[in-house]
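Convention: sequence-line order gives letters A, B, ...; per-chain numbering from 1.
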Number of protein chains: 2
Amino acid sequence: MRLTTKARYGLRALCHVAHRGYASAQVIAEHQAIPSRYLEEIIGELRRAGFVIGKRGPRGGYRLAKPPGEIVISDVLRALSTAASTNSTGEPQDEITALVERSVDDRLQAAVGNLKLDQLLGEARERHRRSAANYVI
Amino acid sequence: MRLTTKARYGLRALCHVAHRGYASAQVIAEHQAIPSRYLEEIIGELRRAGFVIGKRGPRGGYRLAKPPGEIVISDVLRALSTAASTNSTGEPQDEITALVERSVDDRLQAAVGNLKLDQLLGEARERHRRSAANYVI
DNA sequence: GGTAACCCCAGGGGAAAACCGGTATTAGCC
DNA sequence: GGCTAATACCGGTTTTCCCCTGGGGTTACC
């Protein structure tokens, strides 16, 4: 499937915020080894999509806009898919293309649609506990 | 999800061949509005992957290498995915990314893995009959 | 009022995708 | 046997998209 790095950064940022409860872009960037300027852009999209809430000024930062159990991963991925998704390219879109893409899309949606942020956190923590290695999340 | 244009061209070419039984790259390109040179390259990959058989010389062209019921769409898509898939980029690949990608990949495979070319053709013909509009396939 | 954060806008660089040209090779047909 | 229509192969070019950066504006804590 191959996610874009933007999607990966966004997911990691979300997990970080979920884990800490509250964090500034600067801290997230350092801790997750993400270019801070780029991260701001990404978090901006997450904010406009309604996943996090930003707070300005000193001691500012981000927190989740809703509990992790209500944040659907596929929604996050879609929000970070450089707009223009769902084929708004104005192309004629012939029948076969439409069929295949719809088929793939629907099934993917049905399959991954129920994966939520809290499940991701749970699995990640579980793995981390077992490996007992360096601190990742 | 958004397929690459290469994947779309390839699927359309396959459907065209399946529908006609036998066709030259030139004819397919004109009929499907695909850049002919690019199409040759794509069909070349489909041939090397064992989906079609090419015949040279005058009256040459392509035909399916096996019945449409045995051509799995996900195999076709994988064959047209510019190699290097399944993440052979050597990237460190953090935990969360791995979790999401594996999850998406597995579920997608399970969901689309059983979709075959004949089903696609059937759906396309059905739609075409209902719309009764311009000739596309 | 100073400063630490978020927030918006506008690009640049590089890599991959999409596309094209020339030539070799095969095979039908006169 | 030569002509010609097609596949097969190689390399190069253009275009598009993704990742990343910079400068400045805005809010709010102290």
Side-chain angles (χ1 to χ4, degrees), chain A residues 2-13 17 20 22-30 32-63 65 77 79-85 87-91 97, chain B residues 2-13 17 20 22-30 32-63 65 77 79-85 87-91 97:
Chain A
R2 197 72 198 133
L3 301 177
T4 64
T5 62
K6 179 193 247 180
R8 278 178 282 154
Y9 288 168
L11 284 174
R12 277 158 61 184
V17 170
R20 300 302 177 99
Y22 191 74
S24 72
Q26 191 72 20
V27 168
I28 301 174
E30 278 178 23
Q32 296 283 340
I34 299 173
S36 61
R37 243 44 182 80
Y38 193 30
L39 180 62
E40 283 184 32
E41 175 185 328
I42 295 171
I43 292 191
E45 294 181 29
L46 292 178
R47 184 182 54 81
R48 280 184 289 274
F51 295 112
V52 296
I53 293 178
K55 185 185 171 193
R56 297 190 174 187
R59 314 269 309 165
Y62 296 93
R63 63 180 178 82
L77 295 180
L80 295 178
S81 289
T82 32
S85 83
N87 187 44
S88 50
T89 54
E91 240 172 278
T97 303
Chain B
R2 197 75 194 133
L3 301 177
T4 63
T5 63
K6 181 193 247 180
R8 276 178 283 154
Y9 287 168
L11 284 174
R12 277 158 62 185
V17 170
R20 300 303 177 98
Y22 191 74
S24 73
Q26 191 73 21
V27 168
I28 300 174
E30 277 179 24
Q32 297 283 340
I34 299 174
S36 61
R37 244 42 183 89
Y38 193 30
L39 179 63
E40 284 182 31
E41 177 183 327
I42 295 171
I43 291 190
E45 295 181 29
L46 291 178
R47 184 183 52 81
R48 281 185 288 273
F51 296 112
V52 297
I53 293 177
K55 186 185 172 193
R56 297 187 176 189
R59 314 269 307 167
Y62 297 93
R63 64 180 177 84
L77 294 180
L80 295 177
S81 289
T82 31
S85 83
N87 186 44
S88 51
T89 55
E91 241 173 278
T97 302

Task: Atom-to-atom span, OH of A:Tyr38 to C1' of D:dC19 - whole angstrom - done: 5 Å

Task: Spacing of A:Ile34 atom CD1 relative to D:dC20 atom P, expressed in whole Å - done: 9 Å

- [ ] Using a 4.0 Å heavy-atom cut-off across all strands, classify B:Gly54 as base, sugar-phosphate, or nothing.
- [x] sugar-phosphate

Closest approach to the side chain of [X], judged atom by atom: which nucleotide of [options] is it?
X       : options               : answer
B:Tyr9  : D:dC19, C:dC19, D:dA5 : C:dC19
A:Arg37 : D:dC19, C:dC6, D:dG24 : D:dG24
A:Pro58 : C:dA4, D:dT27, D:dA8  : C:dA4
A:Glu41 : C:dC8, C:dA4, D:dC20  : D:dC20

Open item on the list: Would A:Lys6 and A:Tyr38 count as a side-chain contact (heavy atoms from CB on, under 4.5 Å) here? Give the steps.
Closed with: CA-CA 9 Å; A:Lys6 179 193 247 180; A:Tyr38 193 30; 3.4 Å; yes

- [ ] Taking only the side-chain nitrogens and oxygens of B:Lys55, find out if one of them lies under 4.0 Å from OP1 or OP2 of C:dG28.
- [x] yes

Task: Ion pair check, B:Glu40 and B:Arg37, cut-off under 4.0 Å - done: yes

TODO: Would you kindly compare A:Glu40 and A:Ala7 by the position of their nearest DNA chain D nucleotide and give the one closer to the 5′ end?
DONE: A:Ala7

TODO: Would you check if the side chain of B:Arg12 reaches a backbone N or O of B:Gln32 as a donor-acceptor pair within less than 3.5 Å?
DONE: yes

Open item on the list: Within the 4.5 Å heavy-atom criterion, are B:Ile28 and B:Val17 side-chain neighbours or not?
Closed with: yes

